[in-house]
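Fair warning: this is a prediction, and the values are worked out from it, not measured in the lab.
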Amino acid sequence: MKEKIKKHHLIALCLLCLTGTLCWLTGVQFLSMRKTDTFYPSPGLSAQTKLSDYFPQLADSPGDTAVYCFRGEEEGGNLLILGGTHPNEPAGFITAVLLLENITVSRGKIFIIPQANLSGFTHDDPFEGNPQKFSLETPGGRRWFRFGSRLTNPTHQWPDPTLFTNAAGQALSGAEVRNLNRSYPGKEKGHLTEQIAFGIMELIKKEEIDLSLDLHEAAPEYPVVNAIVFHENSAELAAIASMELQMEDIDIRMEASPPSLRGLSHREWGDHTPSMAILLETANASHGRLKGKPSEALIVEGKDPNYVKASKLGMLFVPYSKDGIPIKERVARHLAAVNALVSGLRELNPDQAIDIGNFPPAQTVNEQGIGLYLHPPK
Amino acid sequence: MRKNIILVLALCFLLSPVAFAYKNAGENSPPFELPNLITSAGQSADVQMASVLAKRAGLNATLKKTATAEDLENIKTLTLVFGASLKGLGAAGIDVDQEKERVRELVSEAKKRDIPLLCLHLGGEARRGQLTDQLITEFLPFAQMAIIVKSGNHDGFFSKICEENNISLVEVEKTVDVLTPLKDAFK
């Protein structure tokens, strides 16, 4: 009898140790998402600030994110480029990183926020089974980047309401309260996500941004993909850019921002500031509902046999072959669109011209990969 | 007298090429005049590209996506840009039937006022579809000329309507290539 009790204690101790080890391992893995990504700004960087410089309430909060500013010597237009509004749409984030690590500006000003919703980079969606990170090969080694969630981390903003009523009074599902691209124009005293949105609006106003770009990705089965979504104040610019892209054999559809679709960047930036507002979408299979096993390869190479089948069945809004849509192609598309929009801005308003040096060429990125233009890891 | 007749005949003979030249010039002269009103048939964003093309071509054009008969005052050409978009219709706050009715009234009023109709289809194959085809079928027959992106005519849809209605059809490879024929179409 005595022996039996001893055995129970031993088993209990073993189980406790095993549980502790599992907790420690998963905890380490969970907390690894909080380790920040390292960027290597180009020598052309004029200043690195924080979003809290525009909205001090964000200081020391998980929503305070880096703002990279490139100021030209000559007066010109002011451009804002936002990546990482949705951290599970990596082409937007990587495009912003590629730009901040390469460009110089001789005329005008460019502000780059590569991780607009920084909190969203600190966790991933538990039921999606996505990898926490993905890597890109550079000539000097492999660089790793976080693959986060579409939404703000619930440990930073909790609980979600049953219904989220946005600033326009429209009711959305509760989780959308943590979606940055449903939270514009933001609220000074709102939830964290609304405060981030408010901070971005403050930046646009204080820096007198002429053109604001929000870089995204969407599932290939989503109708608004490979698209320029434009506020009516930037319709002409979008038309000029889409024609220029067509000349480069890049098919892009123009989609007007519906006035009733509230809370989104392409609507509220244009409605609440004088800035021209545009959102860009590329097609990412890892983002879709038809995907097979989520993996790092799916994020980077963009190959998925389910999407090949869906394409054959005519269910997609973009061409999709067995070669997939790799991240280099998606980033190249964003780069080409940014370039076309900047050139269109010059055509429309010569006073708002922006001269950019060392702009990573879209065609080279598409043919030779992103790594060529990424700083090697230290 | 005989001398005079010979002189007159000689003059007629000499001047006839000039007269023919004038006649041909009349036939080949661009059919459209400015100012030009550009509007959409289907509310796709392609109408915006038409406006940019007109601007680049140096044409005095007014863009009004939901133009009505009242907007035809002092207008000498009506340009209709085909392309249906449910999002675009939603953004304009109208439904398909309202859009069809608007274009119907506009084209009818243009006809009453002898304002020629120029039709554009800029979206290629991607901007075809049941609703766009309905609009093309109903309104293209009233046009004097159509300029389209070639891939939109992959099934000969535009060719058939233009042949049946004696409409001049110009096909180009890309949207940006519309610029030259558009410029040439105006006096």
* Asked: Would one find more than 12 heavy atoms of other residues, nucleotides or ligands at under 6.0 Å from atom CD of B/Glu70?
  -> no
* **Atom group of A/Phe230 that falls short of 4.5 Å from chain B, counting heavy atoms** => side chain
* To do: Examine whether an atom of B/Thr175 lies under 4.5 Å from a heavy atom of chain A, and if so say whether it belongs to the side chain, the backbone or both; otherwise answer neither.
  => both
* Below 4.5 Å from any heavy atom of chain B, which atoms of A/Leu237 appear? Answer side chain, backbone, both or neither. => neither
* Examine distances only and state if a side-chain atom of A/Gln246 and a backbone atom of B/Lys174 form a donor-acceptor pair shorter than 3.5 Å. => no
* What option among A/Ser242, A/Ala256, A/Pro259, A/Ala235 has the most heavy-atom pairs under 4.5 Å with chain B? -> A/Ala235
* Passing option when A/Ile240 is tested against B/Lys55, B/Met49, B/Arg56 for side-chain contact (heavy atoms from CB on, under 4.5 Å) -> B/Arg56
* Step through the shown structure and confirm whether more than 12 heavy atoms of other residues, nucleotides or ligands are within 6.0 Å of CG on B/Leu86. => no
* **Heavy-atom proximity to chain B below 4.5 Å, by part of A/Glu232** => neither
* To do: First locate atom NZ of B/Lys87, then atom CZ of A/Arg253, and finally report the distance between them rounded to the nearest 0.5 Å.
  => 10.0 Å
* For atom CD of A/Gln363, decide whether the heavy atoms of other residues, nucleotides or ligands shown that lie under 6.0 angstrom number more than 12. => no
* Does CD belonging to A/Glu75 count more than 12 external heavy atoms closer than 6.0 Å? -> no
* Is it true that atom CD of A/Glu208 has more than 12 heavy atoms of other residues, nucleotides or ligands lying nearer than 6.0 Å? -> no
* Side-chain heavy atoms of A/Glu244 within contact of B/Val176, under 4.5 Å -> no
* Structure fact -> Looking only at B/Gln48, B/Arg127, B/Glu173, most heavy-atom pairs under 4.5 Å shared with chain A are made by B/Gln48
* Asked: Side-chain contact, heavy-atom cut-off 4.5 Å: A/Glu236 with B/Leu63?
  -> no
